[in-house]
Amino acid sequence: GRTMDRKRFKKQVAFILEADKEKNILRQTHLSGHGRRENDAEHAWHMAMMIYLLKEYANAEFDLAKTMMMAEREEKAAERIFGLLPDDQRDELRGLFEEFEANETPEARFAHVMDNFQPLLLNNANDGGDWRAHRVSRSQVWGRQAKTELGSAEIWEYTRELIEENIRKKNIKEDK
């Protein structure tokens, strides 16, 4: 068999340990069942699972593994943390990050669907608690969901129903 490149391996392990810190970065969204706020690592894990389970609703065929890796992206830390990796993997992850931001490929578009849909689902499961607490308006929610249709017409349809229902329940406020 081949010999392990120890230098490369140590860089990969350093990245993995650094990524562990995402467990301490709290997001705005609370866990379903009115739990605590979710952290970045939980968000990425949840997104990866959703990408796998809901893949049949994508508008276009896409690379599953690549899209699941797109869920692993913390904008603020991206550049610094990618720099810990061996050059080829650093460039690959940076490329995935840029591809996600550009939102032009089927992979990026479906990853955006999940990134938008996940907090919407949790907020809805919590009777709109986060929307009410932050006094979120109709235009803010629609703005956040604007890219969903590009990645999944079917999930977009369901998203619209959820939003309208939460506007009726006054969880999401009307714009002045």
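Numbers for residues simply follow the sequence, beginning at 1. In what follows, every heavy atom counts, from backbone to side chain, and hydrogens, waters and symmetry copies are set aside.
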(message) Run the ring-ring contact (aromatic ring centres under 6.0 Å, His included) test against Trp142 and tell me which residues pass, sequence neighbours left out.
(response)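 Expected list: Trp156.
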(message) Phe15: which residues meet the ring-ring contact (aromatic ring centres under 6.0 Å, His included) condition with it, sequence neighbours left out?
(response)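 Applying ring-ring contact (aromatic ring centres under 6.0 Å, His included) to Phe15 gives none.
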If you compare all heavy atoms of [X] against all heavy atoms of [Y], which two are closest, and at what distance to 0.1 Å?
X      : Y      : value
Ala125 : Ser32  : CB-CB, 4.0 Å
Ala108 : Phe100 : CB-CA, 3.8 Å
Thr29  : Pro119 : OG1-CB, 3.7 Å
Ala14  : Leu84  : O-CD1, 4.0 Å
His34  : Asn126 : N-OD1, 2.8 Å
Gln12  : Leu85  : CA-CD2, 4.2 Å

Shared hydrophobic cluster, [X] / [Y] (ILVMFWY, side-chain heavy atoms < 4.5 Å):
X      : Y      : result
Leu31  : Trp131 : no
Met47  : Leu122 : no
Phe110 : Met49  : yes
Tyr158 : Ile167 : yes
Leu150 : Leu54  : no

(message) So, applying side chain to side chain donor-acceptor pair (under 3.5 Å) with Glu38, which one of His30, His43, His46, Gln28 is it?
(response)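 Only match with Glu38 under side chain to side chain donor-acceptor pair (under 3.5 Å): His43.
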Considering only heavy atoms from C-beta outward, does the side chain of [X] approach that of [Y] to under 4.5 Å?
X      : Y      : result
Asp127 : Lys169 : no
Met114 : Ile155 : yes
Glu107 : Ile51  : no
Met50  : Leu121 : yes
Arg27  : Asp40  : yes

(message) Strictly by salt bridge (Lys or Arg N to Asp or Glu O under 4.0 Å), give each pair with a member in residues 42-54 just once, sequence neighbours left out.
(response)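 Checked against salt bridge (Lys or Arg N to Asp or Glu O under 4.0 Å) - neighbours excluded - the pairs reaching residues 42-54 are Arg36-Glu42.
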[atom2] on [Y] to [atom1] on [X], rounded to 0.5 Å:
X      : Y      : atom1 : atom2 : answer
Phe82  : Gln89  : CZ    : CD    : 11.5 Å
Asn166 : Glu161 : CG    : CD    : 12.0 Å
Gln140 : His134 : CD    : NE2   : 10.5 Å
Asn171 : Asp130 : CG    : CG    : 10.5 Å
Asp115 : Gln145 : CG    : CD    : 9.5 Å
Glu22  : Ile81  : CD    : CD1   : 6.0 Å

(message) Strictly below 4.0 Å, N to O, side chains only: are Glu157 and Arg160 in salt-bridge contact?
(response)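 Yes, Glu157 and Arg160 are salt-bridged.
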(request) Sequence neighbours left out, what passes salt bridge (Lys or Arg N to Asp or Glu O under 4.0 Å) with Arg90? Give chain and number order. (result)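 By the salt bridge (Lys or Arg N to Asp or Glu O under 4.0 Å) rule, Arg90 matches Asp87.
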(message) Applying salt bridge (Lys or Arg N to Asp or Glu O under 4.0 Å), can you list everything that pairs with Lys23, at least two apart in sequence or on another chain?
(response)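 Lys23: salt bridge (Lys or Arg N to Asp or Glu O under 4.0 Å) contacts with Asp20.
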Tell me every residue that passes side-chain hydrogen bond (donor to acceptor under 3.5 Å, both in side chains) with [X], counting only those two or more places apart in sequence or in another chain.
X      : value
Arg138 : Glu174
Lys10  : none
His112 : none
Ser139 : Ser137, Asp175

(message) Connecting only ILVMFWY residues whose side-chain heavy atoms lie within less than 4.5 Å of each other, what is the rest of Met4's hydrophobic cluster?
(response)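 Once heavy-atom contacts under 4.5 Å are chained together, Met4 belongs with Phe9, Val13, Leu17.
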(request) Starting from Ile16, walk the hydrophobic network (Ile, Leu, Val, Met, Phe, Trp, Tyr; side-chain heavy atoms closer than 4.5 Å) and list everyone else you reach, by chain and number. (result)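 Noted: Ile16 shares its cluster with no other residue.
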(request) Would you mind listing every side chain to side chain donor-acceptor pair (under 3.5 Å) that reaches into residues 51-68, with sequence neighbours excluded? (result)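 Pairs touching residues 51-68 that pass the test: Lys66-Glu99.
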(message) I'd like to know if the side chain of Arg144 reaches the main chain of Leu120, judged simply by a donor and an acceptor atom lying under 3.5 Å from each other, with no hydrogens or angles considered.
(response)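 No: the side chain of Arg144 does not pair with the backbone of Leu120.
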(message) So does Asn24 get a backbone contact from the side chain of Asn39, meaning a donor-acceptor N/O pair under 3.5 Å?
(response)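 Between the backbone of Asn24 and the side chain of Asn39 there is no qualifying donor-acceptor contact (under 3.5 Å).
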(message) For a salt bridge (charged side-chain N to carboxylate O under 4.0 Å, His left out) check, start with the C-alpha distance between Arg8 and Asp88, then their side-chain angles and the critical distance, and finish with the verdict.
(response) CA-CA 10 Å; Arg8 177 180 176 83; Asp88 61 318; 2.7 Å; yes
